[in-house]
Amino acid sequence: MLGGIALRRVLVTAALPYTNSDLHLGHAFSTYIPADIFSRFCRLNGWDVVFVCGSDEHGTPISVAAREAGRTPLEHADYFRRRQIEDLEKLGISFDNYHRTHSEENKELTEEFLLKLRKNGYIYKKKVKLFYCETDKVYLPDRMIKGRCPYCGAEDQYSDACEVCGRTIEPGMILEPYCILCRSPPSTRSEEHFIFKLSAFSNRLLEWLESKSDEDFSRDVVNYVVQWIKSGLQDWDITREDYWGFKLPYEDAKGNQYVYVWFDAPIGYIASTVNWSKKTGQDWRNYWMGDCLIAHFIGKDIIYHHLLFWPAMLMGVGGYTLPGKYVVNGYLTLEGRKMSKSRRWFVPLKRVLDKFPADYIRFYLASKASNNVSDNDFSWLEFMSKINGDLVDNIGNFAHRVLTFIFRWFDRRVPAPGDMDEQDNEFTSSFMRIIEEVEKEYEKCDFLQVIKRIVEAFKRANSYFTAKAPWEAVKKDRKNGSDAATSLYICINFLYSTAICLYPIIPSSMERLFEMMNVRPESWNSAKRFSIAAGHLINEPKPLFRKISEDEVKAEIKALEDGLIT
RNA sequence: AGCGGGGUGGGGUAGUCAGGAGAUCCCGCGGGGCUCAUAACCCCGAGAUUGCGUGUAGGCGCCUCGACCGGUGGUUCAAAUCCACCCCCCGCUACCA
């Protein structure tokens with residue numbers, strides 16, 4: 001079973017949104033929807049699960065953007081934090097706690113990490129050369145310096161890599177460097193920095209990674225980082241000058257030296273759990289220091305931070321449980337093209353959530369999220385066709401035909417079944433089998449397969465319903481034990497079971513369905529038996545989903561093409 | 001440049017780790033059925049797959065007997081699946097989070 005954890009205790013984290021912009025469909029796809037579905041699935045199973053997240057608020061991009069917007073970095077972070085929370089709530093992401101990295105808890109933990117790592121001999125000091133912009137009064141990281149490529153001579157390339165010839169540019173090699181803020185040439189300064197001895201963990205990381213099952217650590221991802229380790233890990237500079245973040249807790253640090261954002265960001269997961277502890281009276285150590293499956297949900301861009309830097313930090317400090325499961329999804333392209341803010345080729349969550357039910361977005365994106373690093377495409381026309389075909393016509397319509405049938409022909413009461421014939425037995429055992437399969441796919445976080453199998457089950461159900469033709473049988477005999485009664489009894493139980501299966505993916509729609517069925521979703525296991533008894537009274541059914549019109553999606557495509565997305 | 005992931009009927013996708021009759025599902029297309037249901041649903045079919053000649057077509061004739069999951073070659077009784085090389089697409093590359 002899942003991660004071999006006996007206690008069935010799970011801590012789920014979703015990558016912390018960086019507070020310098022609004023969230024878009026890509027974020028929802030790669031991280032928040034998968035993490036939320038998994039958390040809900042764990043809760044249905046009755047496991048002890050805590051789902052934490054929070055905003056990631058430090059770093060140069062935020063201080064620079066804040067200055068441009070005439071705000072302090074904290075005000076800037078606050079602004080986007082609020083907007084992100086709005087979107088995540090609207091999307092139905094069920095965090096148990098949403099905290100922030102610029103918090104007391106995170107400050108304490110970060111300091112503790114830094115002090116312990118230093119005490120354990122994993123932090124050392126080293127002189128490094130830095131670019132400094134005299135005009136803007138900031139130290140410039142690689143990405144804030146552009147210049148001419150020393151290899152192919154291409155202009156306007158970032159100082160760490162040339163997009164034209166594809167080569168990596170070593171620090172300081174860039175020709176005619178300039179600051180991207182003011183275009184003036186930077187000066188160089190030499191500072192003493194604190195360095196985390198990442199290289200010391202190479203072997204331990206390798207052993208740890210290679211000891212994991214494919215189920216919890218997908219092979220693609222492990223190969224990817226193993227390659228990285230084998231080519232030689234470099235130590236990690238965790239100091240920044242004149243920065244927006246936490247001060248270094250070392251006595252020998254200078255007053256303007258701060259902690260690099262990527263050091264305190266993952267600690268934010270723990271900080272959020274600590275903050276949750278304070279609210280609930282639970283002990284966060286049960287999750288971070290005990291027998292618990294820690295599951296990180298991330299996009300493929302931050303694999304290194306989560307599979308190398310972060311576990312190395314935990315190993316170096318000692319006493320913490322290491323991550324036990326990673327779910328990594330690739331990027332989302334949009335209509336076949338890479339998303340880009342500057343080219344206005346993206347879809348903000350605010351916009352879609354304004355126009356379509358969150359469950360539509362969840363369903364469509366989940367149908368592509370298969371715990372896999374390869375990219376997936378978001379296409380408005382495909383979105384429409386999946387929603388209309390799978391969700392409305394197949395699933396929604398089946399629910400409606402079963403419920404209205406019981407409501408009208410059996411006076412709202414689930415009829416008592418008679419003897420089951422071969423068709424009844426075959427259909428029943430096929431959907432029980434599908435539920436077992438769905439359970440396995442949920443544990444793997446392969447939601448593509450989950451949805452595929454459920455859609456298939458509904459197709460079978462529609463076929464079964466047509467074959468049994470209860471509308472004919474009912475004309476002859478509509479009492480309990482009749483042929484029609486048997487079919488409907490089986491169908492409403494199928495509906496309950498599959499609604500449980502879909503509950504983590506489209507929770508609010510399934511809430512409405514449960515309400516119509518007049519039941520509460522009990523547990524995952526309740527899907528594996530006939531949970532709705534004969535005689536049970538149902539409520540009046542109403543259509544669960546509405547169709548999307550072609551005009552609606554064409555309008556979205558047009559808005560994109562006209563560059564109207566902001 | 002290196003590394004990673006792909007290339008499967010008209011479009012989109014599954015299957016590749018554990019080789020077994022050329023293949024899943026969705027959309028679209030052709031035909032039929034049903035009327036309980038949100039103009040929904042069900043069933044059947046065509047389409048990936050074949051050289052040359054000929055007929056309006058069903059077809060017929062001929063031969064060096066041809067085709068099959070990007071291409072070529074290999075391993076195998078058997079390859080979409082394993083191996084090698086090649087072509088094309090996409091992504092990532094630590095101090096941009």
Side-chain angles (χ1 to χ4, degrees), chain A residues 15-20 56-62 101 128 130-131 139-145 151 158-162 165-168 171 180 193 198 214 219-221 223-224 227-228 231 233-240 260-262 265-266 299-305 308-309 330-331 333 336-338 367-368 370 372-377 379 381-382 384-386 388-390 392-394 396-406 408-409 448-449 452-453 455-456 459 461-474 484 487-488 541-547:
Chain A
L16 312 179
Y18 199 57
T19 44
N20 69 342
D56 180 10
E57 310 180 313
H58 294 148
T60 311
I62 287 172
T101 57
V128 297
L130 299 167
F131 285 111
Y139 285 87
L140 300 168
D142 283 346
R143 282 279 148 158
M144 289 182 69
I145 298 166
Y151 301 103
Y158 286 109
S159 69
D160 56 344
C162 173
C165 70
R167 300 185 69 152
T168 306
I180 62 167
H193 274 201
L198 182 64
D214 293 355
R219 192 178 285 187
D220 289 354
V221 175
N223 287 345
Y224 190 45
Q227 192 76 32
W228 194 263
S231 67
L233 289 180
Q234 282 173 34
D235 291 342
W236 190 33
D237 184 348
I238 54 169
T239 309
R240 295 293 181 277
Y260 174 45
V261 56
W262 260 119
K300 67 170 180 181
D301 52 330
I302 52 179
I303 290 176
Y304 297 128
H305 304 92
L308 297 176
F309 305 164
Y331 275 154
T333 54
R337 282 160 55 187
K338 200 173 164 180
S367 80
K368 290 170 173 290
S370 56
N372 188 299
V373 290
S374 52
D375 292 349
N376 280 92
D377 189 48
S379 135
L381 284 169
E382 190 194 37
M384 176 185 82
S385 118
K386 282 228 176 179
N388 290 349
D390 292 342
V392 186
D393 293 345
N394 190 22
N397 179 56
F398 181 77
H400 199 238
R401 70 197 290 213
V402 168
L403 294 178
T404 50
F405 205 99
I406 291 173
R408 286 183 197 161
W409 295 87
L448 180 151
Q449 292 293 347
K452 206 177 160 174
R453 285 173 211 272
V455 165
E456 215 174 283
K459 198 176 162 65
N462 269 312
S463 179
Y464 166 78
F465 197 92
T466 306
K468 296 295 285 188
W471 57 89
E472 266 173 27
V474 83
S487 317
L488 268 301
K542 294 201 176 66
L544 260 181
F545 306 109
R546 69 162 181 96
K547 284 207 187 198

In whole angstrom, give the distance that lies between atom [atom1] of [X] and atom [atom2] of [N].
| X | N | atom1 | atom2 | result |
| --- | --- | --- | --- | --- |
| A:Ile302 | B:rG91 | CD1 | C1' | 16 Å |
| A:Lys300 | B:rU93 | NZ | P | 9 Å |
| A:Lys459 | B:rC42 | NZ | C1' | 9 Å |
| A:Ile303 | B:rA94 | CD1 | C1' | 13 Å |
| A:Asn394 | B:rC27 | CG | P | 8 Å |
| A:Asp390 | B:rC41 | CG | P | 10 Å |
| A:Asn462 | B:rC26 | CG | P | 12 Å |
| A:Phe309 | B:rA94 | CZ | C1' | 4 Å |

What nucleic acid atoms does [X] come within less than 4.0 Å of, heavy atoms only: base, sugar-phosphate, or nothing?
| X | answer |
| --- | --- |
| A:Trp228 | base |
| A:Lys547 | sugar-phosphate |
| A:Leu544 | base |
| A:Gln234 | base |
| A:Gly396 | base |
| A:Tyr260 | sugar-phosphate |
| A:Asp393 | sugar-phosphate |
| A:Phe405 | sugar-phosphate |

query = Looking at CG of A:Asn20 and CD1 of A:Ile62, how far apart are the two atoms once the value is rounded to the nearest 0.5 Å?
reply =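 Reported value, rounded in 0.5 Å steps: 5.5 Å.
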Does any non-hydrogen side-chain atom of [Y] lie less than 4.5 Å from one of [X]?
| X | Y | answer |
| --- | --- | --- |
| A:Trp409 | A:Trp471 | no |
| A:Phe465 | A:Val402 | yes |
| A:Ile303 | A:Lys300 | yes |
| A:Tyr18 | A:Val261 | yes |

ask   = Between A:Asp377 and A:Lys368, is there a side-chain N and carboxylate O pair less than 4.0 Å apart?
value =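 No, this pair does not count.
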ask   = Which residue, A:Gln449 or A:Thr60, contacts RNA chain B at a nucleotide closer to its 5' end, judged by nearest heavy atom?
value =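 Here A:Gln449 is the residue nearer the 5' end.
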request  = On RNA chain B, check which nucleotide each of A:Asp377 and A:His58 is closest to and give me the residue with the more 5' one.
outcome  =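 Upstream on the strand: A:Asp377.
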Using a cut-off of strictly less than 4.0 Å, decide whether [X] has a side-chain nitrogen or oxygen near OP1 or OP2 of [N].
| X | N | value |
| --- | --- | --- |
| A:Arg408 | B:rA37 | yes |
| A:His305 | B:rC95 | yes |
| A:Ser379 | B:rG12 | no |

key: Distance between C1' atoms of B:rG58 and B:rA39 (Å, rounded)   =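 One C1' to the other, the span is 38 Å.
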query = Which nucleotide, in any strand shown, forms a Watson-Crick or G-U wobble pair with B:rG59, with both distances under 3.5 Å?
reply =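 WC or wobble partner is B:rU54.
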Options [options], nucleotide nearest the side-chain atoms of [X]:
| X | options | answer |
| --- | --- | --- |
| A:Asn397 | B:rU38, B:rA40, B:rC25 | B:rA40 |
| A:Tyr331 | B:rU38, B:rC92, B:rC41 | B:rC92 |
| A:Ser463 | B:rA37, B:rC42, B:rC26 | B:rC42 |

task = Would you say whether A:Trp471 stacks on B:rC36? The test is a distance between ring centres of less than 5.5 Å and an angle between planes of less than 30°.
result =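 Given the distance and angle limits, yes, they stack.
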query = Any sub-3.5 Å donor-acceptor pair from A:Thr101's side-chain atoms to A:Glu57's backbone N or O?
reply =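 It does hold such a pair.
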